[in-house]
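Encoded as structure tokens, the structure appears first; notes follow it.
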Amino acid sequence: MGASPQISQRNIRKRYEIQRAKRRIEILPPEGVPIHFEVASLGARFGAQLLDLLITHVGLLLLFLLVIFNLSVPFSQVAAFFILLTFALRAPYYILTELVWNGRTIGKRLSGLRVISADGQRLSAYQIVVRNLMKELEVFLPITLLFGLGGASGETRIFMIVWLLMTFATPFFQKRNQRIGDIIAGTYVIALPKTDLTKELVQDDGVSAKRFEFTPSHLEHYGRFELQTLESVLRSQSRVPGLEKREREVVEAICKKIGYLEPVRFEEGHTFLSEFYTAQRAFLEGRSLLGDKREDKFHKKKD
């Protein structure tokens, strides 16, 4: 007799949770409170990369075909020109979008992914430039040489095949799914916390009094990224008992960051975080309506 559907689904769910647990990493930001993230799966990264390639290459490919079929220009000359053109478009696209959207290209935004610094600091322009220029050396240049568009010899093509195999294999042997560019730049690609169920964390019946009050000066320090991180903390607290110490560390880090002077008793930690989450979310939504989209706590440095 086969296993029942309930047992089969339970086993699948268990394996899925085990895989997610293996992808969890701990980052220690300057505030000194460890934050846990889920490393993006290789499938999610491939999907985001595919979207970005479609954005940067489809239009150029159509233009390339149009030129080939309508102008009497040698194929090699047109191909060389478009190789340079794609590089001139692709490299700035990845670098600029990750700079503007703090570690996210359009493909990553649509896929719910983000690049973060491995040391918990703000993602620097240097890291973004390094990881994306390395992508050219890891993938795009070898593919160009492999297909002979640069007049490469047979030995060079064989070397490019070996290089590509090593490049594509590297993330599979890295616990954090880092490619070579991520290792050199000191970055991770993470899956952003889901926010489709946040309403249950901010429900307010309009009757119960708030224990803690937060002014705009308290709420202007953080952005959407920290709000999503706080949400993951609240959810983990509701699922896993015995984490009061970590919760207290988060409370102390927030109070220090925002300059909150009122004492928060140990047993009030969860209440403080819940009410701060509610106030912070409402504050950010109000700022967003005015065109002020605060992505993270570094928004003041970007102004």
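For the numbers below, each heavy atom of this structure counts, side chains included, while hydrogens, waters and symmetry mates do not.
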inquiry  = Starting from Leu164, can I reach Ile161 by hopping between I/L/V/M/F/W/Y residues whose side chains sit under 4.5 Å apart?
reply    = yes
ask   = Would Gln127 and Ser124 count as a side chain to side chain donor-acceptor pair (under 3.5 Å) if you check the C-alpha gap in whole Å, the side-chain angles of each, and the deciding distance to 0.1 Å?
value = CA-CA 5 Å; Gln127 290 174 301; Ser124 68; 3.3 Å; yes
Point-to-point distance, once rounded to the nearest 0.5 Å, from CZ of Arg45 to CG of Asn177 = 7.0 Å
query = Would you say Phe87 and Tyr94 are hydrophobically clustered, going by side-chain heavy atoms of ILVMFWY under 4.5 Å?
reply = no
ask   = Any link between Val264 and Phe266 through a network of hydrophobic side chains (Ile, Leu, Val, Met, Phe, Trp, Tyr) touching at under 4.5 Å?
value = no
task = Please report the C-alpha distance between Arg109 and Asp52 in whole Å, then the side-chain angles of each, then the deciding distance to 0.1 Å, and finally whether the salt bridge (Lys or Arg N to Asp or Glu O under 4.0 Å) criterion is met.
result = CA-CA 10 Å; Arg109 286 172 67 95; Asp52 287 325; over 6 Å; no
message = Under the rule for side-chain hydrogen bond (donor to acceptor under 3.5 Å, both in side chains), what residues qualify as partners of Gln178, not counting sequence neighbours?
response = none
inquiry  = Using modelled atom types and a 3.5 Å cut-off, is there a donor and acceptor pairing between side-chain atoms of Trp101 and backbone atoms of Ile106?
reply    = no
ask   = Do Glu38 side-chain atoms and Ile190 backbone N/O form a donor-acceptor pair below 3.5 Å?
value = no
inquiry  = Before you tell me yes or no, could you show the steps for Arg248 and Glu252 under salt bridge (Lys or Arg N to Asp or Glu O under 4.0 Å), namely the whole-Å CA-CA distance, both residues' side-chain angles and the distance that decides it to 0.1 Å?
reply    = CA-CA 6 Å; Arg248 184 64 189 179; Glu252 292 175 352; 3.5 Å; yes
key: same_hphob_cluster(Leu137, Val130) at 4.5 Å side-chain heavy-atom cutoff   = yes
message = Please check this pair: side chain of Arg114 against backbone of Phe225, looking for a donor-acceptor N/O pair closer than 3.5 Å.
response = no
query = Quick one: are the ring centres of Phe272 and Tyr260 less than 6.0 Å apart?
reply = yes
ask   = Between the side chain of Gln280 and the main-chain N/O of Tyr277, is any donor-acceptor distance below 3.5 Å?
value = no
ask   = Hey, does Leu284 have a side-chain heavy atom less than 4.5 Å from the side chain of Leu219?
value = no
message = Angle between ring planes, His218 versus Phe214, binned at 30° and 60°: parallel, tilted or perpendicular?
response = perpendicular
request  = Is it possible for you to check whether Lys135 lies under 6.0 Å from the centre of the six-membered ring of Phe140, through NZ or CZ, and within 45° of that ring's axis?
outcome  = no
inquiry  = Within a 6.0 Å radius of atom CZ on Phe46, are there more than 12 heavy atoms belonging to other residues, nucleotides or ligands?
reply    = no
ask   = Under a 4.5 Å side-chain heavy-atom rule over Ile, Leu, Val, Met, Phe, Trp and Tyr, are Leu42 and Ile183 clustered together?
value = no
inquiry  = Quick one, Tyr222 and Lys257 - any side-chain contact, counting heavy atoms below 4.5 Å?
reply    = yes
Backbone of Pro171 reached by a side-chain donor or acceptor of Arg176 within 3.5 Å = no
key: Partners passing side-chain hydrogen bond (donor to acceptor under 3.5 Å, both in side chains) against Asn132 (at least two apart in sequence or in another chain)   = Glu98
